[in-house]
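Note that the coordinates shown come from a computational prediction; the quantities given were computed from them, not determined experimentally.
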Amino acid sequence: MIGKTIALIGGPETGKTNFLARLWTSLRKGNGALSSQTIPEDIVYVEDAVKHLLVAEFAPRTQQPGISGTLEIPIEGKDGANVSSSVLKVPDVMGEEWDKVVHDREVKSEILEVLNEADGALLFVRILSDLNVAPLDWVTARHLLGLPFEQKETTGKLPTQVALCELLSILEFTSDPNREPRKVAVIVTGWDLLDAEAAAKGPMAYLEGEFPLFAGRIKDASSLEVNLYGFSVVGGDLNDDEAFKQKFLEKDLNQTGFVVHEVGGKVSTSEDITEPLRWLLAS
């Protein structure tokens, strides 16, 4: 089978591991547009994350430094999914490594290889993360982005929206101009933490409010094809909502979670957790 490499990109605690765990349960169940009937040999760390979800806990942060391997998952598309049989290749790069790429202005050779080979990417943004650094005002942030690499501030933390802009720029820079535009699915995790009014406005409105520079950068990324998704791993808050936690434990894990998709300003909600991946793999 022809494989496609999808890079998971995002800083620490942006939800990459829990996303992958929930995606894997849906692929195994086959209750979405995509399925996987073969268990990869290197699926252990994902299965460990699933075990946490099954007891109503989010998986802890990945502790393995660097690239801990490339997970390869055989994928089958159902009728109408427009996805040929493929092997999903997911290089596992921990969040701190992506932070280093942005802050140290240096890309390790193995990460550069991942980026050069990637057919598409999942770029993660976390709602209400303690690690999010507050946005700068537009004038200061644009000044930072306009500086040459060697003159940019490398001490302290860059604002999250500046880091996200840099990651998007790196995806543009490493894309092959002779191929179709690289697809990037921006995944806003923790979507269930928003109130109903904010959630109804969709991912772009959220980014415009919280990370306006990044929202503008998405609109300007003409060499990429970008889709926006809000994502909830289990459909609620396992950390601080005891009532939800008890109801969650009574359900099958594959009956939880949802994806919010925004296209042309129209927002829709789906229980098919595989939707972002289906779009990335679609021919």
What pairs with Glu172 under side chain to side chain donor-acceptor pair (under 3.5 Å), at least two apart in sequence or on another chain?
Arg217, Ser223

Are the side chain of Gln161 and the backbone of Leu213 linked by a donor-acceptor contact shorter than 3.5 Å?
yes

Separation between OG (Ser232) and CG (Asp192), nearest 0.5 Å, reads 3.5 Å

Any non-hydrogen side-chain atom of Val186 less than 4.5 Å from a side-chain atom of Pro203?
no

Give a yes or no on whether the backbone of Tyr206 and the side-chain of Lys201 come within a donor-acceptor separation of less than 3.5 Å.
no

With sequence neighbours left out, what residues match Leu193 under side chain to side chain contact (heavy atoms under 4.5 Å, CB included)?
Arg126, Ile127, Leu128, Asp237

Where at least one partner belongs to residues 226-258, residue pairs that pass ring pair (Phe, Tyr, Trp, His ring centres under 6.0 Å), sequence neighbours excluded:
Phe19-Phe231, Tyr229-His261

Side chains of Thr256 and Arg22: closer than 4.5 Å at any heavy-atom pair?
yes

Summary of salt bridge (Lys or Arg N to Asp or Glu O under 4.0 Å) pairs that have at least one residue in residues 111-124, sequence neighbours excluded
Asp119-Arg179

Out of curiosity, does Leu54 fall in the hydrophobic cluster containing Ile43 (side-chain heavy atoms, cut-off under 4.5 Å, transitive links)?
yes

Can you name the side chain to side chain donor-acceptor pair (under 3.5 Å) partners of Ser26, sequence neighbours left out?
Asn31

Strictly distance-based, threshold 3.5 Å: is any side-chain N or O of Lys16 a donor or acceptor partner for the main-chain N or O of Gly10?
yes

Can you give me the closest heavy-atom contact between Gly202 and Val267, atom names plus distance?
CA-CG2, 3.6 Å

Working note: Glu166 + Val101, criterion side chain to side chain contact (heavy atoms under 4.5 Å, CB included); need CA distance, chi angles, decisive distance, verdict.
CA-CA 9 Å; Glu166 293 289 355; Val101 167; over 6 Å; no

Please enumerate all residues that pass side chain to side chain contact (heavy atoms under 4.5 Å, CB included) together with Ala199, with sequence neighbours excluded.
Trp191, Leu194

Partners meeting salt bridge (charged side-chain N to carboxylate O under 4.0 Å, His left out) with Lys247 (sequence neighbours left out)
none

Strictly distance-based, threshold 3.5 Å: is any side-chain N or O of Asn116 a donor or acceptor partner for the main-chain N or O of Leu112?
yes

Side chain to side chain contact (heavy atoms under 4.5 Å, CB included) filter on Lys183, not counting sequence neighbours, yields Glu225, Trp279, Leu280, Ala282

Kindly compute the distance separating CD1 (Ile218) from SG (Cys165), expressed to the nearest 0.5 Å.
8.0 Å

Could you give the distance from CG (Leu123) to CG (Leu228), rounded to the nearest 0.5 Å?
10.0 Å

Cluster check Val263, Leu207: I/L/V/M/F/W/Y, side chain < 4.5 angstrom
no

Sequence neighbours left out, what passes side chain to side chain donor-acceptor pair (under 3.5 Å) with Thr174? Give chain and number order.
Arg182

Does any part of the side chain of Ser35, heavy atoms only, come nearer than 4.5 Å to the side chain of Glu76, both counted from C-beta?
yes

Flag the pair Leu115 / Ile9 as yes when at least one side-chain heavy-atom distance between them is below 4.5 Å, and no otherwise.
yes

So do the side chains of Leu23 and Leu20 get within less than 4.5 Å of each other, counting heavy atoms only?
yes

Nearest heavy-atom contact between Thr274 and Leu34 is OG1-N, 3.7 Å

Any residue meeting side chain to side chain contact (heavy atoms under 4.5 Å, CB included) with Glu242, in chain and number order, not counting sequence neighbours:
Lys245, Gln246

I'd like to know if the side chain of Lys100 reaches the main chain of Lys108, judged simply by a donor and an acceptor atom lying under 3.5 Å from each other, with no hydrogens or angles considered.
no

Qualifying residues under side chain to side chain donor-acceptor pair (under 3.5 Å), relative to Arg28, sequence neighbours excluded:
none

Has the side chain of Ser85 got a donor or acceptor atom that lies under 3.5 Å from a matching backbone atom of Gly77?
no

So do Asn132 and Phe211 actually touch side chain to side chain, heavy atoms under 4.5 Å?
yes

Judged by atom type as modelled, is there a donor-acceptor pair below 3.5 Å linking the side chain of Asp99 to the main-chain atoms of Gly11?
no

So, for Ser36 and Pro74, which heavy atoms are closest and what is the spacing to 0.1 Å?
OG-O, 2.7 Å

Residue pair Val46 / Ile73, side-chain heavy-atom distance below 4.5 Å:
no

Within the structure provided, determine whether Val234 and Lys251 are in side-chain contact (heavy-atom separation under 4.5 Å).
no

About how many Å separate CG of Leu122 and OG1 of Thr189, when rounded to the nearest 0.5 Å?
11.5 Å

Taking all atoms of both residues into account, what is the closest heavy-atom pair of Leu249 and Ala56, and its distance?
CD2-CB, 3.6 Å

Show the numbers, then the answer: is there a side chain to side chain contact (heavy atoms under 4.5 Å, CB included) between Leu281 and Ile6?
CA-CA 9 Å; Leu281 295 178; Ile6 305 298; 4.3 Å; yes

Distance (rounded to the nearest 0.5 Å) between Trp24 CH2 and Leu71 CG
8.0 Å

Contacts satisfying salt bridge (Lys or Arg N to Asp or Glu O under 4.0 Å) that involve residues 258-283 (not counting sequence neighbours) are none

Spacing of Leu53 atom CG and Thr25 atom OG1 [to the nearest 0.5 Å]
7.5 Å

May I ask whether Leu88 and Ile39 are part of the same hydrophobic cluster, defined by side-chain heavy atoms of I, L, V, M, F, W, Y residues being less than 4.5 angstrom apart, directly or through others?
yes

